[in-house]
Amino acid sequence: MGTIGRTSNNNIARTTTTGAAGTTPAAKPATAAATAKPANTVKDGFDAKATNSAVRTAAPAAVFTAPAGAKDKAYDGKIMGKGGQAFDASTPLSQVPAYEPKGGVKQPGTIIYVNGMMTDKAGQETTLQAIADKTGQKTIGIHNSTEGFFKDLGQCITDKMDKGKNPAVDTLADSLYNELKAGRDVHLMAHSQGGLITSRALNDVAKRLRIEDGLSPAQVQEKLGKVSVETFGAAAATYPDGPKYVHYVNDKDPVPGLFGLGTSGKGPLDLLKHAGKDAKIRYFSEKSIFSGAHNINDTYLNQRVPFDQARAG
């Protein structure tokens, strides 16, 4: 894995906010056979064709079951589906049943969400439903497991340096690469350490497109242009060019302020930060670190607006 790093923060737009099977008879009754309907028909962003309106018939996927008494680490890098079901990283995204908005699906496509540190499987499930309700879209997750504050913090440091193995990074990178190779759009959301994981995975995909597929830097950026990214209080300070970005930063949140893209004010470390070419950063000021400034469900999602609207400023 290459080192993530940039030396400029150009082309960033800054904005501030406040606030039955059926049965088919055969020709001969004596040899009639039952013909089942296609199983697990999925209509979302991960379909056989490169459009969100396509319908793909997928074989049922096997649900991962952790051993009795297993800790959250057992789900590290697993793909999370509706009802808390977990699937191995190699599972095609089209086979993962998604969380759906309580009011019904209003927008096409499926969002992939990566959680931050100190968030167990149940916590991510809550946020996956909250995102679906807020966006009107289906959601699935890639789980970044927790082992407690200090171990999680240590992993954040190694993610920052692009060192060490992080199963969530590997799952996200492989999923992204497979979807892009198939010509499909991908919509990502990430919170806190999830932003680091997303940045690291995107860099891995860019490197893979260059080395394995022989694409030029311009072609890599064009390919990555099919990825839409929304971060919330992210701990990453650099992102590769190509994807379309919207970053949400709460000025009262020390995580992006100290470790991420910084707050709305200018700082001496701005030259070491890079939000991605043509990224949009939406700043706001709400609550405090003691009252939920870093919380995605109750703070950041309240500030979120539709992606295209946020990109338009």
Side-chain angles (χ1 to χ4, degrees), residues 40 42 44 46 60-102 110-135 137-156 158-159 164-176 186-198 200-201 230-236 255 292 294-301:
N40 196 22
V42 179
D44 58 20
F46 312 113
V63 178
F64 169 80
T65 302
K71 297 184 179 180
D72 194 65
K73 184 69 175 176
Y75 295 97
D76 205 10
K78 295 293 188 289
I79 303 173
M80 307 305 299
K82 183 178 181 179
Q85 299 176 89
F87 299 85
D88 285 323
S90 61
T91 306
L93 299 183
S94 60
Q95 294 185 17
V96 179
Y99 284 79
E100 296 186 4
K102 294 177 182 177
T110 300
I111 294 169
I112 304 174
Y113 168 67
V114 187
N115 61 283
M117 61 181 283
M118 295 296 292
T119 306
D120 62 10
K121 177 175 174 286
Q124 188 185 27
E125 291 168 23
T126 299
T127 301
L128 284 167
Q129 186 63 60
I131 291 173
D133 294 341
K134 177 68 176 181
T135 64
Q137 292 180 259
K138 297 178 181 179
T139 61
I140 62 176
I142 291 178
H143 190 56
N144 169 38
S145 70
T146 180
E147 293 186 275
F149 177 80
F150 292 106
K151 285 190 176 181
D152 286 6
L153 181 61
Q155 188 180 57
C156 284
T158 55
D159 280 341
K165 179 178 177 61
N166 186 330
V169 173
D170 296 339
T171 299
L172 180 57
D174 286 346
S175 296
L176 279 172
V186 184
H187 192 158
L188 304 178
M189 282 189 177
H191 174 241
S192 195
Q193 185 192 0
L196 276 172
I197 291 168
T198 298
R200 194 176 176 188
E230 296 179 72
T231 72
F232 305 89
V255 174
H294 189 58
N295 187 283
I296 182 171
N297 295 1
D298 301 326
T299 302
Y300 276 99
L301 285 182

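Note that the coordinates shown come from a computational prediction; the quantities given were computed from them, not determined experimentally. Residue numbers run from 1 in the order of the sequence given.
Between the OG1 atom of Thr146 and the NZ atom of Lys71 there is a distance of 11.0 Å, given to the nearest 0.5 Å. The distance from the NE2 atom of His143 to the CZ atom of Phe64 is 11.0 Å, given to the nearest 0.5 Å. Residue Asn166 holds its CG atom at 4.5 Å from CG of Asp159, rounded to the nearest 0.5 Å. Here the OG-CG distance, from Ser90 to Asp174, works out to 9.5 Å after rounding to the nearest 0.5 Å. If you take SG on Cys156 and CG on Asn144, they are separated by 7.5 Å, rounding to the nearest 0.5 Å. Going from atom OG1 of Thr110 over to atom CD of Glu100 covers 9.0 Å, rounded to the nearest 0.5 Å.
When all heavy atoms of Gly195 and Ala190 are compared, the closest pair comes out as N-CB, 3.6 Å. Closest non-hydrogen pair, Gly148 versus Met118, comes out as C-SD, 3.5 Å. Gly77 and Ala89 get closest at one heavy-atom pair: O-CB, 3.9 Å.
Partner of Ser192 under the side chain to side chain contact (heavy atoms under 4.5 Å, CB included) criterion, out of Val255, Thr119, Asn295: Val255 alone. A side chain to side chain contact (heavy atoms under 4.5 Å, CB included) with Tyr113 is found for one member of Ile140, Thr139, Ile142, Thr127 and no other, namely Thr127.
The shortest distance between side-chain heavy atoms of Thr198 and Thr231 does not fall below 4.5 Å. Using a 4.5 Å cut-off on side-chain heavy atoms (C-beta onward), Phe87 and Pro97 make contact. The side-chain heavy atoms of Ile296 and Leu301, taken from C-beta on, include a pair separated by under 4.5 Å. For the pair Leu93/Ile112, a side-chain contact is recorded, criterion being any heavy-atom separation below 4.5 Å from C-beta on. At least one side-chain heavy atom of His191 sits less than 4.5 Å from a side-chain heavy atom of His294. By the 4.5 Å heavy-atom criterion applied to side chains, Thr171 and Lys78 are not counted as neighbours. Using a 4.5 Å cut-off on side-chain heavy atoms (C-beta onward), Asp152 and Glu147 make contact. Asp88 is not listed as a side-chain neighbour of Ile79, based on a closest heavy-atom distance of 4.5 Å or more.
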| task | Run the numbers on Val114 and Leu188 for side-chain contact (heavy atoms from CB on, under 4.5 Å), then give the verdict. | result | CA-CA 8 Å; Val114 187; Leu188 304 178; 6.0 Å; no
| request: Evaluate side chain to side chain donor-acceptor pair (under 3.5 Å) for Gln124 paired with Asp120, printing each intermediate quantity in order. | output: CA-CA 6 Å; Gln124 188 185 27; Asp120 62 10; over 6 Å; no
| task | Starting from the C-alpha separation in whole Å, work towards a yes-or-no answer on side-chain contact (heavy atoms from CB on, under 4.5 Å) for Leu172 and Asp170. | result | CA-CA 6 Å; Leu172 180 57; Asp170 296 339; over 6 Å; no
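Remark: Lys82 NZ is loosely packed, at most 12 non-hydrogen atoms of other residues, nucleotides or ligands lying under 6.0 Å away.
Both tests hold for Lys121 against Tyr75: distance to the six-membered ring centre under 6.0 Å, angle to the ring axis within 45°.
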